[in-house]
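Reading through the structure tokens given below for one structure.
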Amino acid sequence: MRAVRLEAVGSIKLREVDKPVPGPDELLVRIEACGVCGTDRHLFHGEFPCRPPVTPGHEFSGIIEAVGNAVSGFAVGDRVTGDPNIACGRCPYCHAGRVNLCRNLSAIGIHRDGGFADYVVLPQKQAFVLPADLPPTHGAFCEPLGCCLHGVDLAEIKPGSSVIVLGGGVIGLLTVQLARLAGATTIILSTRQASRRALAEELGATATVDPTVADVIDAIAGPAGLAPGGADVVFECAGVRETVEQSMRLARAGGTVVIVGVTPQGMKAEFEPFDLLFRELKVVGSFLNPYTHRRAAELIASGAIEIERLISRQVPLEEAAEVIANPPAPGEVKVLVVPSRLSSLATLATGETVDDNLSSR
Ligand code: NAP
Ligand code: ZN
């Protein structure tokens, strides 16, 4: 089979490798789509620890082609999405239900071979069935959506809450949609690219801000701003110092700041402890997708999350290495690697049906 191999930091190539054989508890999954994420680019540049050679790709879904002899509840032909983050189940954090903090956490696509290939091996405990009639590319969004769900869970959004999202990449745009579903009535997104601001407004943002032309604090939380005094919840989804610092100033007194964006290790940001105390701000980190993958799969299966408009490009395996080795193109939200041309054509066909369904709601 073909696999995109990260052979060393800075070296990634499409190779012919042996088709993997699933163990007793594992599924062999033919990949239908695998999303390219910032982490894949960090692996390529050596900014995230991993031990090459490895096949990256942790946002994947596909069709079961074979099952190990101890597998139950899954059948050949089922469409599944994989939760790539594997907790050990034995450490104190796992025993406390904090599986994303597992001391022995490993990930498919980082520590073992992932989805930029024709096939991936998926432990059955990491697999979740998706509907047969779902567009084949949508399952690739379960992992990023699961991470956003964890952030939204931590934020405890209530009907009528006001929400600010900083950063309009796929994480910010999924968070906007989840905030809307959770009942937020004011949802303000700040991001630099105009196309993303327009898309956010179509996906549920009630207002957007261009941080390059406006003072974000004044435009949102100032006396004449979009949410005077700040919002109940602020999601930092850009991972840069500027937005981390803005996030705490944009939350209202008693509000919650959720840090979702991954800043470079060692980066420092400034805040005033007095302000945190005086305004009783709650600042929480949101890391990965503990126990949210099934709900993410259910949300995607239900059609409640707009996925089609987040897909900027579908590329074959032959182009994956180049996409990973280069920064995202302006305007791009999510690039999917689609190993088989057949499934990409199927997506186009089913995608139209989904759009029709959405517009007739
Ligand atoms: P992304 O596409 O890079 O999105 C971040 C976006 O933030 C940028 O594309 C940029 O869009 C915007 N931005 C940059 N500077 C800004 C500023 N000063 N003000 C407002 N917006 C700004 O990445 P993503 O896939 O959406 O992921 C977002 C972050 O979440 C990343 O740091 C990623 O590593 C992290 N992440 C975390 C988890 C977790 O479990 N916590 C999971 C997945 C990803 P514009 O060009 O439009 O400004
Ligand atoms: Zn553990």
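Just follow the structure's listing: the first ligand is 1, and inside any ligand the first atom is 1. This is a predicted model, so every value here is computed, not measured.
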Begin with the C-alpha distance, continue with both residues' side-chain angles, and end with the deciding distance and a verdict on side chain to side chain donor-acceptor pair (under 3.5 Å) for His58 and Thr39.
CA-CA 9 Å; His58 58 275; Thr39 304; 4.6 Å; no

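- Distance screen at 4.0 Å: atom 13 (N) of ligand 1 has a protein heavy-atom neighbour inside the cut-off.
- The shortest N or O to N or O distance between Val170 and ligand 1 is below 3.5 Å.
- A donor-acceptor distance shorter than 3.5 angstrom exists from the side chain of Arg103 to the backbone of Leu101, with no hydrogens or angles considered.
- Checked for salt-bridge contact, Arg2 and Glu16 miss the test: no charged N lies under 4.0 Å from a carboxylate O.
- Contact atoms of ligand 1 toward Gly261: 29 (C), 30 (O), 32 (O), 35 (C) (distance under 4.0 Å to a heavy atom of the residue).
- Classification of Arg241 and Glu245 as a salt-bridged pair holds, one side-chain N sitting under 4.0 Å from a carboxylate O.
- Rounded to the nearest 10 degrees, the angle SG (Cys91) to the Zn ion (ligand 2) to SG (Cys88) equals 110°.
- The distance criterion of under 3.5 Å between nitrogen or oxygen atoms is met by Val262 with respect to ligand 1.
- In summary, Asp118 and Arg30 do not engage in a salt bridge, as defined by a charged side-chain N under 4.0 Å from a carboxylate O.
- Close contacts of ligand 1 with Glu242, meaning ligand atoms under 4.0 Å from a residue heavy atom, involve 18 (N).
- Among Ile31, Val338, Val337, the single residue meeting the side chain to side chain contact (heavy atoms under 4.5 Å, CB included) criterion with Leu317 is Val337.
- Every atom of ligand 1 is numbered from 1 in the order shown, and the set under 4.0 Å from a heavy atom of Val240 is 15 (N).
- The shortest N or O to N or O distance between Leu288 and ligand 1 is under 3.5 Å.
- At least one heavy atom of Ser286 sits closer than 4.0 Å to an atom of ligand 1.
- Under the 4.0 Å criterion applied to side-chain N and carboxylate O atoms, Asp83 and Arg294 are not assigned as salt-bridge partners.
- Under the 4.0 angstrom criterion for non-hydrogen atoms, Cys237 is in contact with ligand 1.
- Classification of Glu47 and Arg41 as a salt-bridged pair fails, no side-chain N sitting under 4.0 Å from a carboxylate O.
- At a distance under 4.0 Å, no protein heavy atom can be found next to atom 23 (O) of ligand 1.
- Within the 4.0 Å heavy-atom cutoff, Pro211 counts among the residues contacting ligand 1.
- Salt bridge Asp210/Arg192: absent, no basic N to carboxylate O contact under 4.0 Å.
- Those atoms of ligand 1 that come under 4.0 Å of a heavy atom in Gln193, given as number and element, are 45 (P), 46 (O), 47 (O).
- Annotation: atom 19 (N) of ligand 1 to nearest protein heavy atom, Thr243 CG2, 3.4 Å.
- The environment of CD in Glu318 is crowded: more than 12 heavy-atom neighbours from other residues, nucleotides or ligands sit within 6.0 Å.
- Within the coordination shell of the Zn ion (ligand 2), defined by N, O or S atoms under 2.8 Å, Cys94 is present.
- Of the listed options Thr39, Val260, Thr191, Leu173, Val260 places a heavy atom closest to atom 36 (N) of ligand 1.
- Annotation: atom 11 (O) of ligand 1 to nearest protein heavy atom, Arg196 NH1, 2.7 Å.
- Using a cut-off of 4.0 Å between Lys/Arg side-chain N and Asp/Glu carboxylate O, Arg112 and Glu26 are scored as salt-bridged.
- In terms of polar-atom proximity, Ile171 is counted as a contact of ligand 1, with an N or O under 3.5 Å from an N or O of the ligand.
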